Amino acid sequence: LPLTLWAALRFPPCITATASVILAIVGVVFSNDSLGPFILGEGGMKNPLERIQIFIALVSMNALVLSVSMFERYQSGLKLSDSEYRWKYALEGAGDGVWDWNFTDNTVIYSKRWKEMLGYAEEEVGNGYEEWEKRVHPDDKAGALIKVQEYLDGKTQKYSVEHRLMCKDGSWKWILTRGMIVSRSVDGKPLRMIGTHTDITERKQAEALEKLNEIRATALLNLTLVS
């Protein structure tokens with residue numbers, strides 16, 4: 001029973017079910033040979049009916065453990081889905097686009113707001129990783145990809161990068177993208193990552209204008225000193 005419970009908590013249900021059946025068969029065989037923990041009497045079980053009864057009892061016990069484990073996982077999944085829904089809804093309401101990256105099949109779900117930010121209708125953007133990568137400005141792409149890889153490799157504690165994305169009309173928007181890994185495999189590999197896109201174009205334009213004004217002021221000062 002402890003072994004089945006451990007397997008039910010650690011492995012997928014199909015593996016746990018298979019292990020439960022194997023354990024039941026081993027128990028019956030060992031009992032018949034006067035071995036193992038399932039001996040019913042001296043010399044083991046002589047009546048085949050006893051072996052069938054023990055087999056059914058063991059499988060039923062393990063099935064009960066498996067059912068409880070699956071129910072708990074189901075409830076946890078519902079809680080996670082509800083939490084994610086509220087989180088995504090809040091971000092959409094704040095004007096941010098949301099993306100959800102599944103590393104298993106390398107698909108990325110982009111929210112409606114993510115697409116609208118770039119001028120696209122919902123059906124005009126697919127669910128591939130390349131939908132983001134192909135729109136990154138050539139001057140920003142190398143740095144953006146490095147940032148992603150460093151975070152996935154655990155070299156940085158957070159993922160945050162500013163880059164430009166091409167809009168449907170050919171213009172460019174400055175985007176602040178942030179994200180975090182929300183699911184990992186048993187060996188620690190990323191399984192899923194969720195993040196946001198924030199339009200920071202106005203801020204970048206203001207910074208560029210301020211920098212231009214500083215250059216002009218410096219040039220004017222230098223010209224005055226020379227004169």
Side-chain angles (χ1 to χ4, degrees), residues 10-14 70-204:
R10 189 174 180 85
F11 299 105
C14 58
M70 291 177 64
F71 180 71
E72 290 178 350
R73 287 188 182 186
Y74 173 74
Q75 285 188 317
S76 298
L78 286 180
K79 292 179 181 178
L80 180 60
S81 297
D82 290 343
S83 176
E84 288 178 356
Y85 175 79
R86 289 192 295 269
W87 180 72
K88 291 180 180 179
Y89 183 80
L91 291 174
E92 289 278 320
D96 289 341
V98 179
W99 49 269
D100 190 337
W101 188 1
N102 187 331
F103 292 96
T104 304
D105 53 9
N106 201 34
T107 58
V108 184
I109 304 299
Y110 304 98
S111 71
K112 182 180 179 180
R113 175 57 187 153
W114 190 100
K115 300 169 186 177
E116 289 176 346
M117 197 178 293
L118 301 178
Y120 291 96
E122 194 160 7
E123 67 276 3
E124 292 182 305
V125 179
N127 295 331
Y129 170 79
E130 69 280 356
E131 295 287 355
W132 167 78
E133 185 178 358
K134 70 183 181 182
R135 291 180 172 87
V136 179
H137 194 284
D139 294 342
D140 303 334
K141 180 174 288 187
L145 295 178
I146 289 174
K147 288 282 188 180
V148 174
Q149 196 59 52
E150 285 179 344
Y151 177 70
L152 296 179
D153 292 341
K155 296 179 180 179
T156 55
Q157 296 299 313
K158 64 178 182 178
Y159 171 63
S160 178
V161 61
E162 297 179 356
H163 58 75
R164 286 162 288 183
L165 285 181
M166 179 180 285
C167 299
K168 183 179 179 180
D169 62 4
S171 63
W172 297 94
K173 277 191 176 181
W174 275 100
I175 300 294
L176 168 62
T177 178
R178 291 168 289 189
M180 64 180 297
I181 296 171
V182 296
S183 179
R184 293 182 181 272
S185 62
V186 177
D187 56 358
K189 293 181 180 179
L191 294 177
R192 188 180 176 195
M193 184 175 175
I194 296 178
T196 62
H197 272 190
T198 305
D199 185 354
I200 58 171
T201 304
E202 290 186 2
R203 193 198 83 193
K204 283 291 188 177

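Each residue takes its place number in the sequence, starting with 1. As the structure is a prediction and not an experimental result, all values here were calculated from the model.
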Determine the minimum heavy-atom distance between [X] and [Y], stating which atoms define it.
| X | Y | result |
| --- | --- | --- |
| R178 | W99 | O-CZ2, 3.6 Å |
| H197 | W132 | CE1-CD1, 3.7 Å |
| E131 | R135 | O-NH1, 2.5 Å |
| K158 | Y151 | C-CD1, 3.6 Å |

Do W114 and D96 have a side chain donor and acceptor closer than 3.5 Å? no
Evaluate whether atom NZ of K147 has more than 12 neighbouring non-hydrogen atoms of other residues, nucleotides or ligands under 6.0 angstrom away. no
Could you check whether any side-chain heavy atom of [X] comes within less than 4.5 Å of a side-chain heavy atom of [Y], counting everything from C-beta outward?
| X | Y | value |
| --- | --- | --- |
| K204 | R164 | no |
| T177 | H163 | yes |
| W101 | R192 | no |
| M117 | L165 | no |
| L118 | K168 | no |

Give the table of side-chain donor-acceptor pairs shorter than 3.5 Å for residues 181-189, with sequence neighbours excluded, one pair per line with atom names and distance.
residue: R184; atom: NH1; partner: G188; partner atom: O; Å: 2.8
residue: S185; atom: OG; partner: D187; partner atom: OD1; Å: 2.2
residue: S185; atom: OG; partner: K189; partner atom: N; Å: 3.0
residue: S185; atom: OG; partner: K189; partner atom: O; Å: 3.4

To the nearest 0.5 Å, atom CD of E122 lies from atom NZ of K115 at 5.0 Å
Here the gap from T198 atom OG1 to K173 atom NZ, rounded to the nearest 0.5 Å, amounts to 12.0 Å
